[in-house]
K.L.:
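Dumping the structure here so I can ask a few things about it.
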Amino acid sequence: MSMSENLSRNTVRRDQAAVMKVDLQCEKNNTDHHTNEITVERLIIRRGQAFSLILSAERLDQNDIQITAETGPGACEQKGTLSSCSTDPQRCSSVGKCWSVKVLSGSPSAVTLSVLCPADACIGLYSLTVKSGSYTSVSALTVLFNPWSKDDGVFLESEAERQEYVMNEQGIVYQGVDEYITTTNWDFGQFEEDILDICLKLLDVNPKCLKDAAEDYSARCNPIYVSRVVSAMINSDDDKGVLMGQWDGTYIGGVLPSNWNSSVDILRRWIKYDCYPVKFGQCWVFAAVMCTVLRCLGIPCRVVTNYQSAHDTDQNLVIDEYFSDYGVRPKPNLDSVWNYHVWVEGWMKRPDLSQDSFYDGWQVLDPTPQERSSGSYCCGPAPVKAILEGHTDVKYDIPFVYGEVNADKITWLVMANGSKKKILSDTKTVGQKISTKAVGSDSRQDITDQYKHPEGSVKERAVYDEAVKRVTGLIESQKPRPSVQMKLSLDGEPLNGADIRLKLLVKSENSKAQDLTLKMSAQVMRYTGTPAADVWSNTADLQLQPNTEQTLPFELPFTAYGPNLLDNNCIKVSVIAMNKSDPKEVYLAEKDVVPHSPTLKVTVSGTPLQDSEMNAEVVFENPLPSPLKNCSVTLTGSGLLKQTEQSSTVELGPGQRITLRVTFKPYRLGPKKLVANFDCSTFRDIKASVDVNVRPAATRLGFLSFRR
């Protein structure tokens with residue numbers, strides 16, 4: 001029997017035939033504390049907010065009621081893990097994090113109490129002991145952070161933002177590339193009844209707790225500490241963390257990262273197999289699971305995607321990229337620029353950095369294991385305001401995050417003899433269209449201006465110089481503009497299954513004609529900026545006239561890229577131009593292309609009432625002239641489906657359809673989302689969703705609206 005199960009059975013000592021009953025008022029308290037979505041069967045409160053208890057016995061003394069709250073091993077007042085309060089003020093704790101109690105109403109046989117858990121209390125599972133005379137009762141309660149309390153370090157003023165960043169169980173993760181942003185609907189499911197216990201277990205198996213549990217429990221009063229622990233525990237690199245990362249394209253013995261739609265499935269699998277890491281995750285999966293854990297614990301959180309995201313290994317705020325002289329990227333480099341990278345932001349005060357609240361607010365937290373921070377694979381909390389101002393000497397991990405959104409990029413050409421030539425200095429590409437889901441809608445909110453000043457502005461360059469100076473003590477000099485400008489663009493929508501049409505625009509700012517050799521190539525790329533396969537190359541000559549623009553169209557065949565795309569969502573098309581008469585003149589153009597996937601359709605029917613039967617249908621039709629193999633459809637949705645529904649694996653001929661029909665009964669009220677996923681050997685993880693706004697069964701007016 002777990003501690004919570006054991007404690008939840010009110011253990012009462014009897015004085016002869018006399019018994020004291022303690023009514024924890026779970027339904028009322030949990031509703032008042034915004035935790036009734038989790039359960040009303042046990043007491044779950046938020047700190048900094050009073051809750052009520054009703055004591056009943058044959059005879060009670062209102063002036064002789066004492067309450068003791070304690071959490072963790074070796075609980076003591078000095079560590080803030082134990083506090084005693086009484087209706088007699090003389091008997092209350094005088095140190096630590098003091099709880100308080102007062103009588104709201106009473107009679108000799110029944111007393112209603114108001115108990116206040118302080119706004120700086122440690123979060124977690126508590127033992128609550130109530131004594132009155134010879135009566136003693138022991139119960140369990142769980143304490144969470146409280147964004148509704150002005151005295152809590154995670155206080156969030158806007159109710160609309162609290163509903164979005166704490167209470168919303170569904171969200172959107174942005175992927176793709178900056179010129180073609182794709183969306184994945186995600187089921188955070190933080191209020192599924194077992195998720196809270198899983199999140200508390202995650203805290204209990206973190207290395208700091210295993211080393212010194214008393215100190216770890218004491219530190220759980222601090223959202224800075226808790227969020228940093230969670231960042232480390234989402235990945236499994238140093239500990240018994242939730243997810244194992246995998247980026248090399250082999251996923252034997254696990255689940256493809258793109259298959260996941262729900263944090264609930266992942267966290268349940270982790271706890272089911274005794275905290276053995278779940279296989280496999282990549283950045284958006286790590287971030288989405290961390291968002292679930294933080295929202296469950298009461299820390300406001302949102303998932304953020306940064307496009308053209310730099311991974312600056314040496315943290316000098318400069319990314320070095322290399323091309324071979326035949327136009328493709330060679331073996332992976334230590335520095336890289338990812339098509340996108342996903343992290344989370346948690347909302348909290350930072351009194352450890354400033355007394356004037358300058359660094360309060362959104363903090364970057366990144367659970368993807370990239371670089372160590374104080375010996376562990378975690379990142380943050382890094383104040384977004386510090387990143388904006390280039391304060392790279394502020395903790396935690398500001399240089400790394402600043403580099404992700406605003407590093408300069410230097411591109412080198414590596415010759416056959418091993419020599420290198422700098423061909424491009426780019427101050428603008430890194431950090432594009434930083435995106436998160438908007439409050440109260442499914443639209444995308446661009447928050448780039450919260451991370452950096454407009455690219456190319458005097459302020460942005462001044463901040464960059466300040467950031468570099470604080471990290472290295474040096475200031476980067478500006479590079480002259482090359483005399484030839486090249487740009488790659490798409491000529492029409494790139495459809496997966498069809499040839500992709502592109503065009504190269506070449507512009508001369510030179511007064512002389514130039515004979516150029518163009519080396520064109522395409523590589524299928526992992527989203528982390530690592531080449532997966534060389535799929536196409538071509539060469540051409542171009543005579544570029546003085547001060548003119550010329551356009552060269554070309555095609556990338558599906559037969560070249562299709563078989564290699566699979567688990568990778570991007571094609572990097574590159575063109576290197578060399579001046580025949582002056583080999584020192586080298587120019588580069590690049591384009592990230594994400595082929596658009598076919599459409600997956602999901603519909604629902606029936607009136608969206610709690611515990612009333614509804615139907616869902618998912619349909620995919622093969623658009624290719626060749627068969628699709630290993631086809632399957634899955635359907636998930638917290639509050640709607642108790643478990644993931646899946647079709648059997650089939651082969652789908654040209655023009656044929658696969659259909660999944662599910663009958664279900666919504667079991668929780670409010671806006672919910674069904675998320676469908678189609679997967680096969682050619683098209684990986686095509687997703688679609690439909691919103692279901694569940695109403696109480698007594699309400700039978702109106703009908704469901706759908707959004708896709």
Side-chain angles (χ1 to χ4, degrees), residues 174 177-179 181 302 304-321 335-343 345 350 353-354 358-364 366 379-411 422-436 444-482 485 487 509 529 588-590 592:
Y174 296 98
V177 293
D178 54 316
E179 292 186 0
I181 294 175
R302 63 187 185 184
V304 172
T305 301
N306 175 41
Y307 291 93
Q308 297 295 323
S309 186
H311 183 161
D312 180 16
T313 53
D314 54 9
Q315 298 185 32
N316 65 349
L317 308 189
V318 175
I319 301 297
D320 294 301
E321 290 197 324
D335 285 351
S336 58
V337 177
W338 299 23
N339 294 341
Y340 64 91
H341 181 49
V342 186
W343 56 71
E345 291 176 355
R350 292 301 302 270
L353 302 181
S354 169
F358 182 81
Y359 296 112
D360 293 355
W362 290 117
Q363 315 284 321
V364 172
D366 192 348
C379 180
V384 173
K385 187 65 177 295
I387 299 162
L388 176 68
E389 299 303 332
H391 295 177
T392 46
D393 53 350
V394 169
K395 62 182 182 182
Y396 295 90
D397 309 307
I398 299 294
F400 185 76
V401 182
Y402 184 92
E404 289 181 301
V405 300
N406 210 22
D408 283 0
K409 187 171 70 170
I410 307 297
T411 305
K422 186 183 296 186
I423 58 175
L424 186 64
S425 179
D426 182 353
T427 66
K428 297 181 179 180
T429 295
V430 169
Q432 299 291 320
K433 296 184 179 176
I434 303 174
S435 303
T436 191
R444 183 181 69 89
Q445 180 184 357
D446 192 307
I447 56 172
T448 309
D449 61 350
Q450 296 181 25
Y451 281 83
K452 60 182 181 178
H453 300 280
E455 285 288 1
S457 67
V458 173
K459 180 67 173 176
E460 184 271 332
R461 281 292 93 186
V463 167
Y464 179 81
D465 290 342
E466 176 67 18
V468 173
K469 182 179 178 181
R470 292 193 184 206
V471 171
T472 67
L474 304 174
I475 297 179
E476 284 287 308
S477 58
Q478 298 297 308
K479 310 299 188 296
R481 179 182 171 90
Q485 304 291 317
K487 182 179 181 181
E509 296 179 357
L588 170 69
E590 296 179 276
D592 292 322

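Just so you know, these numbers come straight off a predicted model, no measurement behind them.
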K.L.:
Quick check on K487: does its NZ atom have over 12 non-hydrogen neighbours (other residues, nucleotides or ligands) under 6.0 Å away?
P.N.:
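Check fails, neighbour count at 12 or below.
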K.L.:
So, does E455 use its side chain to make a donor-acceptor pair with the main chain of H453 at under 3.5 Å?
P.N.:
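Side chain of E455 to backbone of H453, a donor-acceptor pair under 3.5 Å: no, none is there.
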K.L.:
Looking at D393 and K469, is there a salt bridge between them, counting it only when a charged N and a carboxylate O are closer than 4.0 Å?
P.N.:
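So K469 does not pair with D393 through a salt bridge.
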K.L.:
Would the distance check show the side chain of D335 and the main-chain N or O of E321 forming a donor-acceptor pair, the cut-off being under 3.5 Å?
P.N.:
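It does not hold such a pair.
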K.L.:
Would you call the rings of F400 and H311 parallel, tilted or perpendicular, taking 30° and 60° as the class edges?
P.N.:
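F400 and H311: perpendicular rings.
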K.L.:
Report the residues that fulfil side-chain hydrogen bond (donor to acceptor under 3.5 Å, both in side chains) with S354, sequence neighbours left out, ordered by chain and then residue number.
P.N.:
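Scan of S354 (side-chain hydrogen bond (donor to acceptor under 3.5 Å, both in side chains), adjacent residues dropped) gives D356.
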K.L.:
Could you tell me whether D426 and K428 make a salt bridge, using a distance below 4.0 angstrom between a side-chain N and a carboxylate O?
P.N.:
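A salt bridge is absent here (no side-chain N lies under 4.0 Å from a carboxylate O).
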K.L.:
Let's go through D446 and R444 carefully: what are the C-alpha distance in whole Å and the side-chain angles of both, what is the deciding distance for side-chain contact (heavy atoms from CB on, under 4.5 Å) to 0.1 Å, and is it a yes or a no?
P.N.:
CA-CA 6 Å; D446 192 307; R444 183 181 69 89; 3.6 Å; yes
K.L.:
Using salt bridge (Lys or Arg N to Asp or Glu O under 4.0 Å) as the criterion, list what pairs up with D312, not counting sequence neighbours.
P.N.:
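Salt bridge (Lys or Arg N to Asp or Glu O under 4.0 Å) list for D312, sorted by chain: empty.
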K.L.:
Does the pair Y307 and H341 meet the rule for a ring pair (Phe, Tyr, Trp, His ring centres under 6.0 Å), with working shown?
P.N.:
CA-CA 7 Å; Y307 291 93; H341 181 49; over 10 Å; no
K.L.:
Might you point out which heavy atoms bring E345 and I447 nearest each other, and give the distance in Å?
P.N.:
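Shortest heavy-atom separation between E345 and I447 comes out as OE2-CD1, 3.7 Å.
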K.L.:
With under 30° as parallel and over 60° as perpendicular, where do the rings of F358 and H391 fit, or are they tilted in between?
P.N.:
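Parallel, since the angle between the ring planes stays under 30°.
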